[in-house]
Every structure is written in structure tokens, then in C-alpha cells.
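Presented below is the structure to which this report refers.
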Protein chains: 2
Amino acid sequence: MKKSALQKARAAYQPKLPNVLTGSVKAVAGKPTQSVANQEEIKALFPSTYGLPELKFEKNSTPSTSSPVNVGVILSGGQAPGGHNVISGLFDGIKKIHPDSRLFGFIMGPGGLVDHNYMELTSAIIDEYRNTGGFDIIGSGRTKLEKKEQFDKGLEILKALNISALVIIGGDDSNTNAAVLAEYYKNINAGVQVIGCPKTIDGDLKNDLIETSFGFDTATKVYSEVIGNIQRDCNSAKKYWHFIKLMGRSASHIALECALQCQPNVCIISEEVEAHNLTLDDVVNNLANVVASRAAEGNNYGTVLIPEGLIEFIPAMKNLIAELNDLLAAKADEFAAVHHSEQRKYVIEHLSEANATTYASLPEGVARQLTLDRDPHGNVQVSLIETEKLLSEMVAKRLATMKKEGKYNGKFAALHHFFGYEGRCADPSNFDADYCYALGFNAACLIQSGVTGYMSSVRNLVKPSSQWLCGGIPITMMMNMERRHGEMKPVIQKALVRLDGEPFRKFASQRDDWALNTCYIYPGPIQYFGPAEICDQPSLTLQYESKN
Amino acid sequence: MKKSALQKARAAYQPKLPNVLTGSVKAVAGKPTQSVANQEEIKALFPSTYGLPELKFEKNSTPSTSSPVNVGVILSGGQAPGGHNVISGLFDGIKKIHPDSRLFGFIMGPGGLVDHNYMELTSAIIDEYRNTGGFDIIGSGRTKLEKKEQFDKGLEILKALNISALVIIGGDDSNTNAAVLAEYYKNINAGVQVIGCPKTIDGDLKNDLIETSFGFDTATKVYSEVIGNIQRDCNSAKKYWHFIKLMGRSASHIALECALQCQPNVCIISEEVEAHNLTLDDVVNNLANVVASRAAEGNNYGTVLIPEGLIEFIPAMKNLIAELNDLLAAKADEFAAVHHSEQRKYVIEHLSEANATTYASLPEGVARQLTLDRDPHGNVQVSLIETEKLLSEMVAKRLATMKKEGKYNGKFAALHHFFGYEGRCADPSNFDADYCYALGFNAACLIQSGVTGYMSSVRNLVKPSSQWLCGGIPITMMMNMERRHGEMKPVIQKALVRLDGEPFRKFASQRDDWALNTCYIYPGPIQYFGPAEICDQPSLTLQYESKN
């Protein structure tokens, strides 16, 4: 593997371990916990792992002696910067327990466990991946661990390899599955602990004890770098509106963090759109008004940040998509026979009045996308909708009307961007490198403590890493019941952007200024070697939340 | 202006000036020069500025005494990282000539000169922009300075401000205009020198004495950062082919440099496509063969770099576009009356056989784009064609055929990216910060030497900046005659990728390995504060070319 100069230099970086983990540790149990909602149902579903106490590690004056432990590790779901450091921290942690401990990686995600596809991760391999981005050390995958047969199949290989603990590095769904697996293994006395680690660039896996998921810091810094560069271009050429969509399945944390970093002219927050019950037209009109206000000052340029999940937060669009899914399922054959040029008319005639109006307001390309590109279950593929183009087209149309009414007299030319894959596998920032290493090392401490069904928790993250607090929280504590594919299921509650939270309030208090005036900030690329105020700052979301 | 931590730290960076410029300098004239081609025509068009000698600066033992000089500066054309440093170097250079020298910036490009739109650039303003990206200090524009009335109008304001020298920072077209302006002012004894500076991220403004244009280094490093990140994602998820288009009007230097940095599976070089007279089908088949070879090894993923200018280098496409332009101009009214659904058929029936075949092979979206989206002159807008989607669609079609023939048995899912605006206004790398500062400072030295029609030349760039060589080259030396809008014009010859040059040869010698195997390199973000091998390396193109 030929390496860049930066890769070589970063290999030598030694993540800063929290003080508490540097010596021998003891787990101190707090009070028993409750799930965030639906306590009775969750308790019934997790009889062996519900209500466990929070754990906090403290320094232990007497060194512990332990036997070697064999551990398995899985990377689950979308990539996030720092995954390799979770694994290297875990590796170093179990080697500290005993030098003969061994680490096995299951290949290409949870499927590797079921299919018995694995490799041993030796120090030679680990050393090649320290402080690097990506999940390529063992690959990742999206197989869901949900069924008893999968659990039993997995147990075969765990037993064969004498693995007594499994660490699942994943987002909310993967950690939900980790909890189910922990419960199952505990219940049948399988002798395998299951520990989760909070991963997702989306930033929606958090609570009081999980302050942030790893990868969010790095990904938002990469996006802010390119957004800042585009803003500087925008402010130099002064002739384009840049519509920038940002990855993030559902919550708008990424867009909000990038807005706080870069101060764009507009940033749409899906949670606010939903809370105010805005229609697509409302969103478009708000945008068009900002464009017109700036044009009145002679500024025919600007930047708009759009969260990827927006469409599903617009109640009218959500209703339309739900009815379209039903309609196209029920009338699949009839619709297939309708001529291409007549399809739009057909759909409008068969929808309820409110949804027909919404559908008729959509540009042709988007309307077609909604009826044609459906997933294997026949559902509309919302993620394929180019929201950034949809919005700019609708804004252009609205501005044309405003021009006729004498309310707008400017030029509007739009450019489009979508950032996602650029940030998921970036080299982790110093923050994520340290945080991930601590999460992995801390997972080893949880294993040593003998617990199962816990998520690795490292807190106090706005402080220097030496002062970080370490411990574990029962995954069931984060759960509630939600409808999935028509059934009520126990799942980890997603943390959406809170409109009463400090990050949003900070944004909301300044955005009118950012809209009319040009207040761009240019964060530049992630730095690894310079002064701490450049290299070691956590996300603004984390900084503002810690002030709450 | 609220600034990021990095902006604040970078403001303190002191660009490293070449030794020769640190004291008093004298200009040493070399031999008279010739234009690269069409010597007689160029000489006739530039009677006062043709054939001037190359100039090389040497240290002067006797300090020179000079009077204050008022200088104007213009940013012309697309942004490139480092423009602010050219201006700050120029500012420091004329202040060294005499502390009472003054610098005036013309606003929003050459149009500012003609419209008398300007501002004085004081040290307070300059200090706000040192080492930053963007052209926002005075803005840029694309007005072409070509006409006598513009030159005369410009002279009015130059005289009013007592400006005796004008520095035009631009690409090949802008420097061509600078040469014409220099000739005109010299010819009428206007008393205004004109000096050019070589700017363009495209990297196509270079020769033996201009080793690279500024901005190329930074822009390609930004693109390589995000390409590297995407490659790591690609190698982790192992399920997508990423088709990545890179900005660059015509030459493929950017794509080639990024390929050398990142080692993607495929990089298309337009100049090679043209040299081998490849059709669009050839390009598609080559791509499909790589996809199939990788699939045979179980690797259904990869990366493809595509230069923005590709389409115009495919002879068959160039012919098609030319005939389409003529056809749609001649039959504009008739075509407008053709029903939407019949347009494709109409076009095919009215094209010559070869072009009709090419047109018929295009996916529907692209075919429509070619006939609908035309510029104000009625011409097809090639830059709007989404080449990255065009290629992936055609590859998918080709693979479907290969599958039927039993020649391919894999999965093909494509994702698309276009990088351009992300890199044009990035904070300049240390290399570009130093190079640009030297170009600007050197321009001040050329002004002090009393010459006109010269381009600022800083060479020996692969060496430490202390050893860089400084001087000037007559712009006419870079010129030849080319057809523009139906007329033969003197223009600076574009430097395309040379297939016998070391950068291409290096690429060509390794690409078969990169295609089949996965040899990705992950360069990571530009670093400013770390070890020199990470922070101060010039582009690989420059490094390989210097070995020639």
C-alpha cells in the first residue's frame, strides 16, 4: 500500500487517552436505569438486560490481574471517520488486559458474523490503520442482525474462536440490534458479552451520557471546508446562488453544525419545517424572499444549506409520498399501461385533492422521479430526489412571478452540490482520533468488567481529553417503541435537532443577519499539526450543548 | 468580518521570498525572443512589443533609488487560490520601491478599469487578505479588454490616478489582452506599463519559463483530498463506482495531477482520446472493460476521473456538435414547431449519417440537452453536459449487453460527483502562497525596470523558494494565431497535456495496475503547519516535469 506523506505522518500520532483509563480501573455502578419511553414494553422484551445501572470507571489503586480474552469486532452501516481508531483502541485495551488477548474482525459488517467470514487483527495490521479514515480494515455492511437463526449461526463461530465478547460499532439501528443480541446471548447463557459503540456522522445518536457519535466532528469539518471554499468563490464572483445538500439520513445536525461553522445565507432545518408545519411552497417562498432581499441590495448571489432528509419532514410531502406508495402498489398494472406522457395526469386524477395539489406543484423531473424510481418494495426512493435542484427550480419559478409583480428585480443563476461521500471516510480530526481511541479502549474496560448490553460512553468532551469521563450505559436506556414496517419494535430513539437547544437558538438568533448581509466564515481544511485552537476544537454543536 | 481560527493563524504566515528579490535587483536581458509560431503575423500585430528579450533578475550591489510609483491591479476571469498573495506581494514590492507608492484595485475585473470603478488598497486592507483564498478583495470579472474605446476609457482613469503601471492577473485570454493593451499604450506613448501574471487552476498556461500557473497546486490538492476520501469510502463499502468530473475548461492537467496523487482505477485524459481518435463508444467500452475485469475479481466498485473538457476532445462528438449548431441555427423556426416527443427523430433525420449515428447512441437526457440548452448565440452549451452521468449510463448499457454475452457477471451501481468550485477559492497551499507572493513582488521589480508587455516569471519551483529564479518573459513569445469566432487572432497558445511528457508517461506506465488492483492513495487535506514533506511539496506534475 503506497501512502501519502500525511498518511505516514499520521500513523505516528498517539491518541491522547483519558487519565482515568491510563492505569487500572474499577467500574462504579450508578442507579438502575429506565428506557426513555415505553418502559413496560421494553422491560418485557429485555428481561435480562433491562434496568441495568450506568457504569462509571474510576482509577483502581490495586492493579487487576486478568486472563486473556478473545474479542470480535464488527463495523456496521455507513462509514464514519475514526472507526479504525475504535478498533485500535479496543486492540490496545484488550492487550493491556493480557498480552495474549486476541482480536478478530468480522468482514464486511454483521454479515461476516453470520457467514463466518473473519480475520484476526494482529498488531502488524492494526498499525497500518491507526488514525486513518475509512472502514477498509475489515469493511462494513448493512446486514441487520435481527433473527434467532443469525444469532445462533454467529454463536457457532464465536464459540469456535473462543470469543467471549463482541463489539458492534454502529449507529442507532446497529446498536438496537446489539441490544437484542446481548439480551439473547445473556438469556441462553451463551457466555458472550455484547458492547456497542456510537458511530454515525449524522449526529443523531446521542443523549446526556453519549454526548456525540463519532465521525460527526470530522465529517462536518470536511463539509465546512468545502462549503467555506464555495462561499469564498460565491463572494468573489458574485453571480451564483449555490444550493448545497448535505448528507444525513434524517436529523439536520450536520446542516446546523456546518451553518454555525460557515454562516451561509440560508440553512434549512428539517425539524423546524416540521414543527411549523410548513409546506414545500412555504419553504420555497422563504427562500425566494431571501433571494429578493439580497437582490434589492445588489447581491445576486448566496449560499443555501439543505439537509438531505428535508422532504420527509415536510408534512404535505410526507402525506403525498404515503398516498403515492399506496396508489402505485394498488394500481401497479394499470399504471404500467399508462403512456409516459399521460402518467402525470393519471397520478393527479387518482390522488386525494390535497396531495394532487402538492403533486401538481412539483417540477416535472421530480414528479417523474416520485412515480418511477421506486425501491424493491415499491416505495418511492426519497433519497434519490435531488432536493437541491427541486428547490432551486421552484425558487426560480417563484422569482419569475415576483418579478411580474414588481417584487423582485435581480438575476438568479443556481449551482448545485451534494456533499456526503467526501466526509464519511476522511482522516479523523484529532478530536475524533482521540474520542474513537478512547471509545475502543473503554469498550475493552467494559469487557473486563463482565457486563453486556452496554454502550461505550466517553463524556465531558469539551474538556481536554485527559479529563474525559469514561463508563458504560445500558443500551435499553436509550430505547422506545416505534412502528417499523407496520410493526411496533424496540428501537433507539433518534436524537433530532431540538429547537430549544442552544445550537439551534444560536443559529436562529443570527440567521437574519447572515441572510441579508454576507457574513461568511471560511473554516479551511482540518489541521493536525498546528496550534490547539485550530487542531483540537470539538464541534460547535458540542460546545454550545455543553453550555446548556 | 468574523474569522475562523485557521484564517487568523494564516494571516501571520510570512511567505518565503526568493533570495534574489530580498535586496536591490538589476534586470539582465537575455536574447531577443520569437513567438512560438506565426512569427511574421505576430510581429506585424505587435510592432512595439515583439521580440523583446527575456529578463532575469540578479542581485544588485548598489542599492537603487527610485521615486514613488502608482500601480493598478486587476483580477481577471475565474478565481484561483493565491490571487490575494499576488496582490500583497505587489503591494510590498512597490512599497519597497518607495514607501509613498500607491496601489489601486479595479473592481470586479477588467470592467472596473473601463467603468472607472476602483478602490485604493491600503496596508490595512491588504493585511486582511494575506494568505487567504478567493478574489473577494476587489472581485473578478470576465469583461474582455479588446477594443480601442476600452483602452482609451481605461487610460482616462489611469491618468487621473497617476498610475504608470497596470498588473493584470489572469489566464491565457486575459494575458493575451494584457499584451494587446501593452502594445497599444506603448504605441501611443501613454506612459503606462502593462504586466501580466499567470493565473489559472487549469494549469494550461505554462512553458519553459512559466513552469506553472498559480492556483493549480492548491486546487488539485483540494480535489485530491476529496477524491481520496471518496476512494476510501469506495474501498470500505465496496459497492459503488464513483464517476468524478473535475473542472478544467479544456486541458486535462487537473485530472492527470489528481490521478497521480490518488491512483484511481481510471482517469480519462482528453488529449489522449483525441490523439487516438477515439469515439464516445470507444471510451465507454474501455470503461466497461475495466468494470468487467474488476467484477471478475469480485470487485464491483471503483473510481473514474473525468476531465470537464472531455466531450470536445472526442472527434465524433465535436463533429456532431458543430453540425447540430448549424442545423438548429438554419432550421430554428421549423425545429421549434416540432412536438417534444418527435424532436429526437427530427434531429436524427436531418443530420448526416455519421453524426446521426452518434446522436442516436446518446442517452435521452443528453440528447435533449444538446438540442435544448443553447447559449445566447444558439450554440450547444457543452459545459452543461453532465459527462459523468452520460458515461455511467452508457457504461451500464454496455455492461447489460456484455452480461447477455456472458462477458460480465457483476453488479454496477454508480454515484456522481463534480468538483470545481470547491477548489478555486481555497486558502492557498504554502507553495501557492509563496509562489503568488513572489509573482506579485517580482511584478513590482518588472515595473521598476520600466518594461511593458512582460509576464512575471518565477522559476526553478521544485527547489526551495529561496532558490527560485525571477524575471520576466515577453507575452508575445507565448503567442500564435488561432481562429476565434471566425477570425484569425493572436492568442497565447494553450499548454495541453503532452503525451510524451513525464507526468503522462508516469501515469500511463502504472494505470493498468491501478485499474485491476486497488492502489488508492489518500492524500488528505492541505496542511500548513506540519513537516515540510507534507506542507511544502509542489504538484507531482511540476516535480515530474522538472525531471524531463
Which bit of [X] is near chain A, if near means a heavy-atom gap under 4.5 Å: side chain, backbone, both or neither?
| X | answer |
| --- | --- |
| B:Arg10 | neither |
| B:Gln527 | both |
| B:His340 | neither |
| B:Lys8 | neither |
| B:Lys3 | backbone |
| B:His417 | side chain |
| B:Phe418 | neither |
| B:Gln263 | side chain |

Discussion item. Can you tell me which of B:Ala9, B:Ser140, B:Ala237 forms the most heavy-atom pairs within a distance under 4.5 Å of chain A?
Written reply: B:Ala237
Worksheet entry | Options B:Ile138, B:Thr132, B:Leu75, ranked by heavy-atom pairs under 4.5 Å with chain A, top entry | B:Thr132
For the atom pair [atom1] ([X]) and [atom2] ([Y]), what is the distance rounded to the nearest 0.5 Å?
| X | Y | atom1 | atom2 | result |
| --- | --- | --- | --- | --- |
| B:Tyr522 | A:Cys425 | OH | SG | 8.5 Å |
| B:Lys238 | A:Ile107 | NZ | CD1 | 9.5 Å |
| A:Ile526 | B:Ile526 | CD1 | CD1 | 13.0 Å |
| B:Thr218 | A:Asn229 | OG1 | CG | 10.0 Å |
| A:Ile521 | B:Leu6 | CD1 | CG | 12.5 Å |

Quick one: which of [options] has the most heavy-atom pairs under 4.5 Å with chain B, could you say?
| options | answer |
| --- | --- |
| A:Gly420, A:Gly228, A:Ser236, A:Ala5 | A:Ser236 |
| A:Gly139, A:Gly524, A:Ala426 | A:Ala426 |
| A:Tyr520, A:Phe135, A:Tyr240, A:Phe529 | A:Phe529 |

So [Y] and [X], do their side chains get closer than 4.5 Å, heavy atoms only?
| X | Y | result |
| --- | --- | --- |
| A:Met108 | B:Lys239 | no |
| B:Tyr528 | A:Ile534 | no |
| A:Glu225 | B:Glu422 | no |

Practice prompt. Could you go through the side-chain contact (heavy atoms from CB on, under 4.5 Å) check for B:Tyr421 and A:Val226 one step at a time?
Written response: CA-CA 8 Å; B:Tyr421 299 94; A:Val226 289; over 6 Å; no
Worksheet entry | Ion pair check, A:Lys389 and B:Glu386, cut-off under 4.0 Å |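 Yes, A:Lys389 and B:Glu386 are salt-bridged.
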Practice prompt. Could you tell me whether the side chain of B:Arg232 and the main chain of A:Gly133 form a donor-acceptor pair under 3.5 Å?
Written response: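 Here the side-chain-to-backbone pair exists.
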